[in-house]
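Chain letters run A, B, ... following the sequence lines, proteins first, then strands; residues in each count from 1.
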There are 2 protein chains.
Amino acid sequence: MVQEDMIIDKHSVIPIYYQLFKYFEKRIRSGDFKPGDALPTEMEIAERFGISRMTVRRAIAELANLGMVYTQKGKGTFVARPKLDNVVFNLDNFYDEVRQKGLECRTKLLEARIIKADPLTAKRLQIDVNTRCLFFRFVITADEEPLAYETKYTIYAKQKPILESELKDSSLSRLAAVHSDSTPVSSKKVLMASQTTEEESEILGVACNTPVILVVQTVYDQNKKPIAWGKTLYRGDRYKLTIYDGWLSGDE
Amino acid sequence: MVQEDMIIDKHSVIPIYYQLFKYFEKRIRSGDFKPGDALPTEMEIAERFGISRMTVRRAIAELANLGMVYTQKGKGTFVARPKLDNVVFNLDNFYDEVRQKGLECRTKLLEARIIKADPLTAKRLQIDVNTRCLFFRFVITADEEPLAYETKYTIYAKQKPILESELKDSSLSRLAAVHSDSTPVSSKKVLMASQTTEEESEILGVACNTPVILVVQTVYDQNKKPIAWGKTLYRGDRYKLTIYDGWLSGDE
DNA sequence: CAGTGGTCTAGACCACGCC
DNA sequence: GCGTGGTCTAGACCACTGT
C-alpha cells in the first residue's frame, strides 16, 4: 500500500483529484475492479492516499460522470456495467468528418431572398401566410461534389439587409439570431429517412429516389416561439453518422 | 438584496447548492442575465446569501454542466450563448417514444441458431470464416405493425445454450455479454439512409425500396476486440429521431 | 448501532487576467 | 498588486443502509 501512495504526486501541476480519477479509471479499465465491485470507501481512499475526503469525492464524481461508477447512499461506490444501448448520434462533426478525410468542404449559397411565407413555413413558424420571411438555399460540397442540400427560412423582423459576409458557414441559429428580434435558445431536430425528389436529385447530382438522411430543424426563442426552420438533405451514399459509446478512453 | 436572501432556505431538505442553481437558472432563462453577462463573483454570491463559497461553486458547476454558463480563470463566470448546432440524436428512446403514443411495443424473435461465420461477419468480428457464431433475427412491432427489423451476430465462446428467457428485449450488448467470454465495454454505431431489399420489405410489410434508417452496431470488449455486431432497419415512414437542444427546462 | 455517501463550512494557497 | 476562479483541507452534521 506504500506503492499506492506513490501514485499521487501532491506537488504536481496536475490536480490531485484528476490524478486519482485517472488512477481509478485505469484500474477499472484494466479489470482490477470489475462491474459490480465496490470501490474502497471515500474515507479509506482519503486515508490511504493522505488526501482530503472532498478531493476523493471530486475524483469519484468524475468517474460517475463518465458512467464508470455509481454511488449508493449508505452503501458505497460501485463499478457500473457499461450501457451500450443509450446511444446518441452526433451531427456537429459533419464538417470535421469531411475534413478529416482530407476533402475541402465548402458551403455555397444558391439563393437568398425575401419571400412570402408559404403555408408550410407559416405553419412551422406560427405566422400568417404571406408574412415576409427570409429564404436561403445552400449546397455543401466536398471537393466540388455535392454532399448536402439545405433550405432555411427565418422570420424577417429587423428588415435588415442580407449581408454576404454573414452567409459563410451560416447555421440556422445564427441566421435566426441576425434577422429576428429574439435570441435563439432552443432547437428541435428531427431525423428521417427519405428519398430525393427530382429537383433535389439534380442539385445533389444523384439519381432520382436516392436514399437521403433528412433533418428538419426548428429554432425557438425563450418563449418557445419558432423563429426559424430549415431542412437538410444528406446524401445517403456519401454521408453516415458514426458514434462511439461506452467506456471510451479520453487519452487516445 | 434582503429579498434575495429569502431565496435560499438553509434548513430545507433541498440542498442549498441546488436551490442556488435553480435560482440562477431561472434568472438566466427569464433574461435577468443575458448571454455574455457576468454572474456575480463567487465570493459576492457567497456573502450575499450567507453561504460558503464551495457551495456556490457547486451551484455554478451545475449551470456549467447544462452549458448555461462558462467560467474563465481570473476573469469570472459568464452566461453562455446556447449552441444549437452541436446536436445529438438519441436512439435509446425508441421504446419510450413508441409507448408514449399508447402503442404496444413487442420484440419478436424470428430465428436464433448457430451458424458458421459468413465472410461479412468474419470480417466484422475479426474471426475466421466458418467459425461458429450465434445468429438472431428480431422484428419489433407496435400494435402488431412491424416497425424495425434486426439481425445480430455474436461470437459463441461459452457454448452455452440459447435460453428463451434471455431473448426478451435483448440488446446486442446483452447478447454479447451472455455468450462471449469478455465483457462489452464499448460500442460503435453507424447510421445510414438506405432502402429495403425484397426480403426486408416482406418482413416489414412495406413496398420494395422503401426508405429506411439503417443502424449498424459493433460491440467491443476491453481490448477493442469486436464480439458482436448487428444491424437494425427502422421503417422510414414510421420512425423518426427527434431531439431537443439548447437550454432545456428540466422541470417541465 | 456503526458505516456509508451527501452536504456544508471557513478557512487556505495557487495561477491567471487585468491594470 | 488585486481580484478572479481552481484546488484543497480538516473538520462537521445529516440521511441512509445494513446488522
Side-chain angles (χ1 to χ4, degrees), chain A residues 4-25 28 33 35-80 250, chain B residues 4-5 7-25 28 33 35-80:
Chain A
E4 285 198 343
D5 289 32
M6 305 311 292
I7 299 293
I8 301 296
D9 177 3
K10 286 198 186 186
H11 304 92
S12 164
V13 286
I14 298 161
I16 297 174
Y17 80 86
Y18 189 79
Q19 296 180 49
L20 193 62
F21 155 58
K22 281 295 178 188
Y23 167 71
F24 277 109
E25 187 199 8
I28 291 173
F33 293 103
D37 288 359
L39 255 54
T41 69
E42 296 173 352
M43 273 309 295
E44 219 170 312
I45 297 171
E47 281 166 13
R48 184 130 72 199
F49 291 92
I51 58 182
S52 164
R53 187 181 152 223
M54 283 298 276
T55 307
V56 175
R57 282 182 59 72
R58 175 77 194 268
I60 290 176
E62 301 282 333
L63 290 169
N65 267 345
L66 280 192
M68 298 188 69
V69 305
Y70 59 93
T71 55
Q72 279 187 36
K73 203 193 291 193
K75 296 185 71 175
T77 304
F78 304 90
V79 178
Chain B
E4 286 198 343
D5 290 29
I7 300 295
I8 302 296
D9 177 3
K10 288 199 184 186
H11 305 92
S12 164
V13 285
I14 298 162
I16 296 175
Y17 79 86
Y18 190 80
Q19 297 180 49
L20 193 61
F21 154 59
K22 281 296 179 189
Y23 167 70
F24 277 109
E25 187 198 8
I28 291 172
F33 293 103
D37 287 359
L39 254 55
T41 68
E42 295 173 352
M43 272 308 296
E44 220 170 308
I45 297 172
E47 282 167 11
R48 183 130 73 200
F49 291 91
I51 58 182
S52 164
R53 188 181 151 221
M54 283 298 276
T55 307
V56 175
R57 282 182 59 73
R58 175 78 194 268
I60 290 176
E62 302 281 334
L63 290 169
N65 267 345
L66 280 192
M68 298 188 69
V69 305
Y70 60 94
T71 55
Q72 279 187 33
K73 202 193 290 191
K75 295 187 69 176
T77 304
F78 305 89
V79 178

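- Atom CG of B:Leu20 is separated from atom CZ of B:Arg48 by 10.5 Å, given to the nearest 0.5 angstrom.
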Extract all donor-acceptor atom pairs below 3.5 Å that involve side chains of residues 60-70 of chain A and protein atoms in other chains or at least two apart in sequence.
none

For nucleotides 13-19 of chain D, just jot down a letter per nucleotide in 5' to 3' order: B, S or -, based on protein non-hydrogen atoms under 4.0 Å. ---BSS-
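- Residue A:Tyr17 places no side-chain N or O under 4.0 Å from the OP1 or OP2 atom of D:dC8.
- To the nearest angstrom, P of D:dT9 lies 11 Å from NE2 of A:His11.
- If you take CG of A:Leu39 and P of C:dG5, they are 9 Å apart, rounded to a whole angstrom.
- Minimum interatomic distance between B:Phe24 and B:Pro40 (heavy atoms only, all atoms of both residues): CE2-CD, 4.2 Å.
- Rounded to a whole Å, the CZ atom of A:Arg57 is 11 Å from the C1' atom of C:dC8.
- The phosphate of C:dG5 has OP1 or OP2 within less than 4.0 Å of a side-chain N or O from A:Thr77.
- Look at A:Thr71 and you'll find a side-chain N or O under 4.0 angstrom from OP1 or OP2 of C:dG6.
- Under 4.0 angstrom from either OP1 or OP2 of C:dG11 there lies no side-chain N or O belonging to B:Ser52.
- Of all heavy-atom pairs between B:Ser12 and B:Gln19, the closest is CB-NE2, 3.6 Å.
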Working for side chain to side chain contact (heavy atoms under 4.5 Å, CB included), residues B:Arg58 and B:Ile16: CA-CA 9 Å; B:Arg58 175 78 194 268; B:Ile16 296 175; over 6 Å; no
Go through the steps to decide whether B:Asp9 and B:Ile14 satisfy the test side chain to side chain contact (heavy atoms under 4.5 Å, CB included), and finish with yes or no. CA-CA 8 Å; B:Asp9 177 3; B:Ile14 298 162; over 6 Å; no
